[in-house]
Amino acid sequence: MATFAKPENALKRAEELINVGQKQDALQALHDLITSKRYRAWQKTHEKIMFKYIELCVDMRRGRFAKDGLIQYRIICQQVNVNSLEEVIKHFMDLSTKRAELARSQAQALEEALDVDDLEADKRPEDLMLSYVSGEKGKDRSDRELVTPWFKFLWETYRTVLEILRNNSKLMALYADTAHRAFQFCKQYKRTTEFRRLCEIIRNHLANLNKYRDQRDRPDLTAPESLHFYLDTRFEQLKVATELELWQEAFRSVEDIYGLTSMVKKMPKSSLMAIYYAKLTEIFWISSSHLYHAYAWFKLFQLQKSFNKNLNQKDLQLIASSVLLAALSAPPYDHLKTASHLELEHDKERNLRMYNLIGFNIDAKLETREVLSRSSLLADLVSKGVMTYVTQEVKDLYHLLENEFLPLDLASKVQPLLTKIAKLGGKISSASSVPEVQLSQYIPALEKVATLRLLQQVSQVYQTMKVETLSKMVPFFDFSAVERISVDAVKHNFIAMKVDHMKGAIIFGDLGFESDTLQDHLSVLAINLNKSRSLIYPSQSKASKLSAMLPSLADIVDKEHKKLLARKSIIEKRKEEQERHLLEMEREEETKRLKLQKKTEEAEQKRLATEFEERKHQRILREIEEREREEAQALLNDVGKRIKKKGKKPIIEGEKVTKQSLMELAMQEQVRERQEMEKKMQKLIKTMDHFERAKREEAAPLIEAAFQRCLAEEKIRHEREQQLEVELSRERHEGDLKEKYRLARVMEHKMELEEKVVSRRKAEYDRMRAEREERLGQILKARKEERDLKRKMLFYLKTEKERLDKLREEEEARKREEAERRKKEEAERRAKLDEIAERQRKREQELEERERLRKEAILRGTPLDGPTRPSELPAPAPAAAAAAAAPAAAAASAAGSGGGKYVPRHRRGAPAETAAPLPAQPPSDRWGSGKPEERGAAPPGDKWRPSSFGGGSAGGASGGAGGKSWSSSRFSR
């Protein structure tokens, strides 16, 4: 960091660097000079340096350097010459504005150049890729590179200036002017994103101002001048927000104005309040809050009538008509009749907030729906005389919608009035806050209200009606629109009706038989019938030409209205999509910008921290050197003075004297002076000691004499007070004796009365005690009987439960045992049957095999030499006989039963001996081990014997047939 002996040298050095093209070095040199603590005393040269510094910052678009320099310059000149800071800031904004306008004039396609969603966002990735890929840059990109950076810098300039001036009471006018210029910048170039940020910045400034009240040079909001600047800024913000159609920001601006006026408890001027209510009417109309819109119009009418002396009759009539039409446009039913408790509480808070913004002071404990409603507003308009100023068409419309009962002719009478009202309107020259009023904006809402009134009156007269009839009665809408309106009305308990599309009919119901509308129903009907009769009979021949034109006119109006509604919905959807897309892009670019800004700030902080440490180190070294030099000089002067006083030869200033020698000389002088001072103090102490001793010796006899005199006076006073106390005690004793003699005469009567009272109370006590004991005895007896009864009942219930549990357990055990026994028997029976079936199957296989072999032998005509199967091996004698009789028994059973295997005719009557098997041969290993069970022989212990198949007897045959049929039935199961 370069150091200069004077600030002028730094300015000259910067101009030299600028002349050779080193603007960055010149800016750094001026920045070091401004931030240095050595040049904190303000001079006129500082202002010239700041002008040059600001020019360099604007030329190089260094917003951070400009902000840092302005903050340091504010510290320098805040308490000395704050006007210099104002001039520098004005110069800064003028230069930035001129350069931005110059860049704008150089660019030909301004709209394309400014098509950026966020001025604080960096370049997009696709732009960077396009700039590297394409060789020649297009005109649009060149315009973007030329214009957009300067507008970014201008926006940063406004933010910087507002940040510097936010807590400066001496520059409130400049703060307000900067805010106005920023608002005009956003308005001129349609910068909605920057406008939202600007509003948030100003809002945060006011919040911090109220939060930190102990700041120096803080603006006083209670001062009229400060309040005027703040309110002027908020009203300008409100105007720009409505012109940019940022209705949410406009509503927040209204809240800011209300909060500011509530904070200082002082209302603005009537001209500002007129602007306030005029903008409120626009905001509430856009948000479809017709009731609040009407109340805002009513407040605006009262304000214009009271304070605007230039308001002519025509303008007053137009404003009054707007007030009445706004009140009539509000829905005639309460939206909160069917709402839940939570919705009611939320809406109550919202209503209180809106009422405060409009200017009505409502008690929170009251029911706000009853205080501010459509009916109460219309009553206020009538009572305040607003009806006397409205046009005749609006007045007729009010009577038709609110006072007349014309269920069949209401729409036909309302439609021509609406046509006339749509043509009314124009500019208001005498009221600048409301430049133009067009009554045609209320036509759609009035048509809806007229439809609701018609439905309400028709529901009171008819119970059913055809859909075609109702469609003809309502020329404003088709039946689908009428159905939507009726659904909303039924939802809020305004009417009771149903639509039967299958029958093409509408069914009306009753909301309540005790309603006020039914009380004067007949009288209203009679009045309307008289009017109808007077209108029908006098002139039947005269037909209006307008009536012939109305049907086609109604169709045209209906079609145009539908087109406008469709176009409006499409535009709203496109706006919403565009805003949502812009918000998403803004959010993404804001994230990127914040990341890059964070990195840049971190790097900048590191650099500044490094430079700060270096400057701090150098400053410490310089301060140490200066302090040592000053200490040496002071010691030299001090030592010289002391030596001169003592008459010694002083040290020559030109001699070579070091700091160490000076310090040693000074220490010697200090030690010598301290010793001399101690000697003087010892002498003074001895003198004071002798003086105090002599003083006390003289005062001792005087103190003793005073003590004896005080002792004698106290003794005399004690004797006098003691004598007085004795006399008082004697008088008190005599009085007490007299009182005792006086009361002794009534002592006997007192004793008698006491005995009577005591005896009566004792008798009463004994009686009450006996009654209490008797009552307690009865209660105890009853409780004892109750306990005995309860104990017996519990014992009975317990024994009965135990008996039932025992019976149930015995029954369950018996059932379990029975089930186990049955299961075991079933298992044994199944096992036995399976074993018998297996044996039968083996025997049948053996018989079939023998029969096959026998048939083969007969067909070949050769006898069988021996057994071919293991089952034909020889067995013991009884078993062999039974086996020999088996084929015959099988044949006989087959012949007797008419079923089974085929047996030749010559073998059916043969004796059993012919069918005997051949002698058995030893079993082969190929067929098994030769056990009887494997060869088909039954075990000895089985009840089923082979003899049941043997012989040719009927018993054997029947037994064989029985066995065969049993096995078949077994396998069939």
Side-chain angles (χ1 to χ4, degrees), residues 107 109-121 123-127 130 138 140-141 143-144 147-148 151 155 183-200 237-254 279-290 292-293 329 422 436 438 440-448 476-478 480-481 483-485 487-488 556-593:
L110 177 62
E111 296 296 332
E112 291 81 359
L114 290 179
D115 190 15
V116 182
D117 294 331
D118 190 356
L119 292 179
E120 295 183 4
K123 291 184 178 180
R124 294 179 295 177
E126 54 266 29
D127 295 335
L130 185 61
D140 294 341
R141 281 189 286 127
D143 290 340
R144 183 186 298 274
V147 177
T148 305
F151 278 93
W155 166 245
F183 288 142
Q184 293 302 319
F185 167 80
C186 297
K187 173 186 171 182
Q188 183 178 0
Y189 303 110
K190 308 297 182 186
R191 308 309 307 174
T192 57
T193 306
E194 284 73 23
F195 181 78
R196 293 191 187 96
R197 290 178 181 165
L198 181 61
C199 296
E200 196 64 29
Q237 175 182 330
L238 178 59
K239 290 180 184 178
V240 176
T242 53
E243 290 175 2
L244 292 176
E245 295 183 356
L246 298 175
W247 302 111
Q248 187 175 4
E249 282 299 323
F251 184 74
R252 296 184 69 184
S253 302
V254 168
K279 299 304 179 183
L280 264 184
T281 57
E282 296 181 24
I283 294 169
F284 286 140
W285 181 255
I286 292 296
S287 63
S288 299
S289 301
H290 296 100
Y292 301 143
H293 171 76
S329 300
E436 187 175 3
Q438 295 295 336
S440 58
Q441 64 177 347
Y442 300 105
I443 300 301
L446 290 173
E447 290 176 351
K448 183 178 178 181
F476 314 117
F477 308 104
D478 55 358
S480 59
E483 190 175 7
R484 286 195 296 270
I485 295 171
V487 166
D488 196 17
I556 294 171
V557 171
D558 192 11
K559 290 180 182 178
E560 292 296 329
H561 182 61
K562 288 181 181 178
K563 288 180 182 179
L564 289 175
L565 289 177
R567 185 170 177 271
K568 183 179 179 182
S569 62
I570 292 170
I571 291 172
E572 291 295 331
K573 288 181 182 178
R574 289 179 180 176
K575 283 184 178 180
E576 291 176 359
E577 292 178 358
Q578 186 178 6
E579 288 181 359
R580 185 168 58 254
H581 181 64
L582 291 176
L583 287 174
E584 291 177 358
M585 293 182 63
E586 178 185 352
R587 196 177 296 110
E588 293 176 358
E589 293 177 356
E590 182 70 16
T591 305
K592 295 178 182 178
R593 186 188 64 79

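Numbers for residues simply follow the sequence, beginning at 1. Quick caveat: nothing in here was measured; it's all calculated off a predicted structure.
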**Study point:** Side-chain donor or acceptor of His293 paired with backbone N/O of Thr281 under 3.5 Å
**Key:** yes

Check your understanding: Under 4.0 Å between a Lys/Arg side-chain N and an Asp/Glu carboxylate O for Arg197 and Glu590?
Key -> yes

Practice item. Give me the ring orientation class for Phe151 and Tyr189: parallel if the planes are under 30° apart, tilted from 30 to 60°, perpendicular past 60°. Key: perpendicular

Exercise for review: Under the side-chain hydrogen bond (donor to acceptor under 3.5 Å, both in side chains) rule, collect the residues that match up with Thr591, sequence neighbours excluded.
Suggested key: none

Review point. Are side-chain heavy atoms of Phe477 and His561 found at a separation under 4.5 Å?
Key: yes

Point to revise | Within-4.5 Å side-chain heavy-atom neighbours: Tyr292 and Leu280 | key: no

Exercise for review: Take atom CD of Glu243 as the centre, draw a 6.0 Å sphere, and report whether it contains more than 12 heavy atoms from other residues, nucleotides or ligands.
Suggested key: yes

Review point. CD of Gln578: more than 12 outside heavy atoms within 6.0 angstrom?
Key: no

Practice item. For the pair Trp285 and Tyr442, name the ring-plane relationship: parallel under 30°, tilted 30 to 60°, perpendicular over 60°. Key: perpendicular

Check your understanding: Among all residues two or more places apart in sequence or in another chain, which pass the side-chain hydrogen bond (donor to acceptor under 3.5 Å, both in side chains) test with Ser253?
Key -> Gln237

Review point. From Glu584 CD over to His581 NE2, what is the distance, rounded to the nearest 0.5 angstrom?
Key: 7.5 Å

Exercise for review: Using side-chain hydrogen bond (donor to acceptor under 3.5 Å, both in side chains) as the criterion, list what pairs up with Arg196, not counting sequence neighbours.
Suggested key: none

Check your understanding: Do Glu194 and Leu198 come within less than 4.5 Å of each other through their side chains, counting heavy atoms only?
Key -> no

